[in-house]
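Report on the structure given below.
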Amino acid sequence: NAIVLIPNAYDAESCERIQRLAYHEAFHSLTARIDGKSLVGFAQKDMHHMGRWFREGAADFFAQAIIATERGSEYVGVSTLIEPGEMIKMSSMENGYRVYIVGHFVVEYIVANVGVEPIFAIHQAIGEGKTFEEALEEGIGMPAEEFYDIVENMEIRTN
């Protein structure tokens, strides 16, 4: 396996963005080895193997966490409002850019509440043949629908 980075104009503006992109894609490579899914694309039958919010959000979370660790700085999280029903819409691998910010936020929520290990356990359970919803429920200890309801109704407070 190889990772080829072709940054867009936004990513190419700074070394930090290139570094973040590299860590993001490296995380995908790692988790593809755990869950056995292709990095390049998905057959139609596999399009719903994992919520894209989870796939992209976990990669963004870990990229940011690694950068903060390397710099010896505090991890700074993301914040976003999530519309009712939005999480279920992000269950397909076909959705757009909001999966990154929403996913990053929701993965932070998972890590803050149940730890980092469930992120990898979810990938492993998918690799063992469980559906994403089954793996998510096993990893976080509640059904996906209940979890989606919690994060979609969360109040965001900023200082």
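What you see is a predicted model; the values in this text were computed from it and never measured.
- Tested against Phe61 for a ring-ring contact (aromatic ring centres under 6.0 Å, His included), the candidates Tyr75, Phe54, Phe105, Trp53 yield a single pass: Tyr75.
- Side-chain heavy-atom separations under 4.5 angstrom define the hydrophobic clusters, and the remaining members of the one that includes Ile66 are Tyr23, Ile67.
- Heavy-atom minimum distance, Thr80 versus Arg98: OG1-NH1, 3.3 Å.
- Rounding to the nearest 0.5 Å places CD of Glu117 at 11.5 Å from CD1 of Ile122.
- In this structure, CG in Asp35 is found 9.5 Å from CG in Leu30, a value given to the nearest 0.5 Å.
- Side-chain N/O atoms of Arg55 and Thr31 include no donor and acceptor closer than 3.5 Å.
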Could you list the donor-acceptor pairs under 3.5 angstrom formed by side chains in residues 135-147, with sequence neighbours left out?
| from | atom 1 | to | atom 2 | distance (Å) |
| --- | --- | --- | --- | --- |
| Glu138 | OE1 | Lys130 | NZ | 2.4 |
| Glu138 | OE2 | Lys130 | NZ | 3.4 |

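- With values rounded to the nearest 0.5 angstrom, Thr69 atom OG1 is found 10.5 Å from Gln64 atom CD.
- The backbone N or O of Val78 lies less than 3.5 Å from a partner atom in the side chain of Glu108, making a donor-acceptor pair.
- Closest approach of Val99 to Arg52, counting heavy atoms only: CG2-CG, 3.8 Å.
- The aromatic rings of Phe62 and Phe27 sit parallel to each other, their planes meeting at less than 30°, with 60° as the upper class boundary.
- The minimum heavy-atom distance between Val107 and Gly57, with the atom names listed, is CG2-C, 3.7 Å.
- Annotation: side chain of Asp149 is not in contact with side chain of Met87 (no heavy-atom distance under 4.5 Å).
- Using cut-offs of 30° and 60° for the angle between ring planes, the His24 and His28 rings count as perpendicular.
- Within 6.0 Å of atom CD in Glu74, 12 or fewer heavy atoms from other residues, nucleotides or ligands are found, so the atom counts as exposed in its surroundings.
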